[in-house]
Protein chains: 2
Amino acid sequence: MATIDDVSKRAGVSRSTVSRVVADNGYVSDEKRRAIQKAIAELGYRPNTLAQALRSNRSNMIGAVVVDVGTPYFANMVYGLQRATRKAGKALMVSSGYADQDEEARAIIELVDRSCDGILLYLERPLRADVVEIIRAAHIPVVMIGRMGCEVARGSVQLDNFGGARDAVGFLLEQGHRRIVHLSGQADFGDTAARLEGIGAALAAHGMDMADIKVVNGEFSQEFGYSATMALLDEGHDFTAIFAGDDDMAAGVLLALRHAGKSVPQDVSVIGFDDAFHARHLWPPLTTIRQPVDEIGETAANLLLKLLGEPGSAMLQNTIGTSLVVRDSVGPASH
Amino acid sequence: MATIDDVSKRAGVSRSTVSRVVADNGYVSDEKRRAIQKAIAELGYRPNTLAQALRSNRSNMIGAVVVDVGTPYFANMVYGLQRATRKAGKALMVSSGYADQDEEARAIIELVDRSCDGILLYLERPLRADVVEIIRAAHIPVVMIGRMGCEVARGSVQLDNFGGARDAVGFLLEQGHRRIVHLSGQADFGDTAARLEGIGAALAAHGMDMADIKVVNGEFSQEFGYSATMALLDEGHDFTAIFAGDDDMAAGVLLALRHAGKSVPQDVSVIGFDDAFHARHLWPPLTTIRQPVDEIGETAANLLLKLLGEPGSAMLQNTIGTSLVVRDSVGPASH
DNA sequence: GGACATTATGGGATCGATCTCACATGGGAG
DNA sequence: CTCCCATGTGAGATCGATCCCATAATGTCC
């Protein structure tokens, strides 16, 4: 591997001058510039990123920790991150935190130690105190994605859970549904609260309130969607539509309805949330609220890049809107 | 951030001795070791990874380029990579090549420049000549995943396409199917050839040969699955089972059959390949050949780690087996 | 008791870049 | 004719570690 010294010798100049050409700053005569560029091309010289980073204290690398890269949801988010960072000419390094505080801490510290210029976090657990201290000591800007806040964050990007839930229920109401069930996620998630407010807003717009909807708390899983639906049917609950907290739940709901001999959307309408990868593969194809996950990632990364550009700036916030994806699982209310 | 010099001053020893304690090699008296460990703890010292890598020429970082991290398939593969590298205490840096030769080249060069100790590649295009030279000059071991070979590779991991296809068709034959259609991927893929051989083996085991199966070449997409099936039905082709080249195709096949009023598996059986994320969400849930993608990634990473341990070793090969996942889309042949 | 290995420690070069500073030109303003 | 500023170049310190080598103390063997 050719070094900057090899280039300088070949071009008959000093290291400093080569550095100026490579970094494109300072004064260099056209004559020497050409000689240096020629030498660079002939030797196939590419600067050693490690040495650059060590000396200049900037690695041109962005770190990210998400819950699990192996999951379609976060893979999609990483796609967005990569799109933004690549455009800015920065490398991206991603780790998984696996919803475990110590794993998350380990991943973050690794990124700090590798001298990332900035860090993006989608966490499931609050940051460990020592990690907060480490980030702070390293003066690394942090942008949080999603529900979890954090004291060191200089920016954050969130989904418009309020608007999404409002639109979902609003759509059902427009289709004439009045007996709606909402299968909700864990009650202690910040998202859940925002969605309930959104549901309230939709109901209010039709002269109704939360008393007019049944909310069942559970968890984001197909199993819960299935069992909750079966329980509702067993107890003879009278509903014409279900708003599932996410598309996994919705998949369980559809399965339960089929097993119970109900047809969708003739007997019951179902709407999901996320527009997950499998939503269009369900039967019937799922009407759902699209969460632009890649856009969330891209926005967060751009926000971080902005923060890197102007160090002293204030806290930056950003909310990403949802959209209604109409497929076949919602129809007009029967009778 | 505390440096090794801070630690050495605080503990009253030289840099060298601190380095010995941190790296846990060479001779250090218990007394000084304790003093140094105390100083490290008090200062919260963590070695600067960049400086370590620069001097020692080992970054403890593994690079990987896959087609697209944003895709469930490769996300799953990355999950496997991460599992192996993390266990070995190495960091992982992943990029997408987006099935474009120049993008792939860019991503690889980036990884080389960041001084990765080894590189894992799942490529769609042959390596550009200059990239081959760069990798060779940097003496970085490379492991290839999947179909694409490469002259610099020191190891490779592949799926057992032969066995997978043999098992798929074998299963259909056992269920009594004799009029089978295979929707195949691009004919120029290495995978496709291996699968055709596997199909031949299954047929041979039942005293049949390739003349007894209809093969339609196309591409791995839901759209092709749909249109090909419709075409077969339109021309009145008489078949009882379809073996789709992947689960996306299979989704299209199921949709086409439903639109044509055929029921699965009563009228037609369908088997897929991959066990993709959405396979169990299809209706009926798809019987398919499971491709253990994460295991492929994990195996490849372990192979690379082994290569790093013993530099002079020979070319390492590895084939990952498939398994049959029985769900509901295949039934006994009718009449 | 001298030769030699083992244990223990520090000094200083080194990895490959950046960056500050000193210094040398040349041209335009006063 | 100075003075000063813009332009152009190189020497050498520096980033934070590793690693080779010199040196010294101690123990062991013949």
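Letters A, B, ... are given to chains in the order of the sequence lines, protein chains preceding strands, and every chain is numbered from 1.
Using a cutoff of 4.0 Å between basic side-chain nitrogens and carboxylate oxygens, A:Asp100 and A:Arg125 are not scored as salt-bridged.
Atom CZ in A:Arg15 sits roughly 14 Å away from atom P in D:dT14 (whole-Å rounding). With rounding to whole Å, A:Asp5 atom CG is found 13 Å from D:dA11 atom C1'. Atom CG in A:Leu54 sits about 17 Å away from atom P in D:dA13, given to the nearest Å. Following rounding to the nearest Å, A:Lys9 (NZ) and D:dG10 (C1') show an atom-to-atom distance of 14 Å. Taking atom CG of residue B:Asn48 and atom P of nucleotide D:dT18, one finds them 10 Å apart after rounding to whole Å. D:dC19 atom P lies 17 Å from atom OH of B:Tyr27, rounded to whole Å.
B:Asn302 places a side-chain heavy atom less than 4.5 Å from the side chain of B:Glu298. You'll find the side chain of A:Arg58 reaches within 4.5 Å of the side chain of A:Lys90, heavy atoms only. Residues B:Arg33 and B:Arg20 are not in side-chain contact: their nearest non-hydrogen atoms beyond the backbone lie 4.5 Å or more apart. Looking only at side-chain heavy atoms (C-beta outward), A:Lys87 and A:Leu305 stay at 4.5 Å or farther from each other.
Close approach of DNA chain C to chain B, defined as any atom under 4.0 Å from a non-hydrogen atom of the protein, starts and stops at C:dT7 to C:dG16.
Close to D:dT9, at under 4.0 Å from its OP1 or OP2, lies no side-chain N or O of A:Ser14. Using a 4.0 Å cut-off, some side-chain N or O of A:Thr17 falls inside it from OP1 or OP2 of D:dG10.
Within the 4.0 angstrom heavy-atom criterion, base atoms lie near B:Ser16. Across all strands, A:Val13 comes closer than 4.0 Å only to sugar-phosphate atoms, never to a base (heavy-atom distances).
Taking the side-chain hydrogen bond (donor to acceptor under 3.5 Å, both in side chains) definition, one finds that B:Ser156 meets it with B:Gln317, sequence neighbours left out.
No side-chain N or O of A:Ser95 forms a donor-acceptor pair with one of A:Glu110 less than 3.5 Å apart.
An end-to-end axis angle of 50° holds for the helix from C:dG1-D:dC30 to C:dG30-D:dC1, taken from five base pairs per end and rounded to 10°.
When each of A:Val28 and A:Ala51 is assigned the nucleotide of DNA chain D with its nearest heavy atom, A:Val28 is the one assigned upstream, toward the 5' end.
Atom-to-atom distance recorded for B:Arg154:CZ and B:Leu307:CG is 4.0 Å, nearest 0.5 angstrom.
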- [ ] Would you please test B:Ser14 and B:Thr17 for side chain to side chain donor-acceptor pair (under 3.5 Å) and show each step?
- [x] CA-CA 5 Å; B:Ser14 73; B:Thr17 309; 3.3 Å; yes
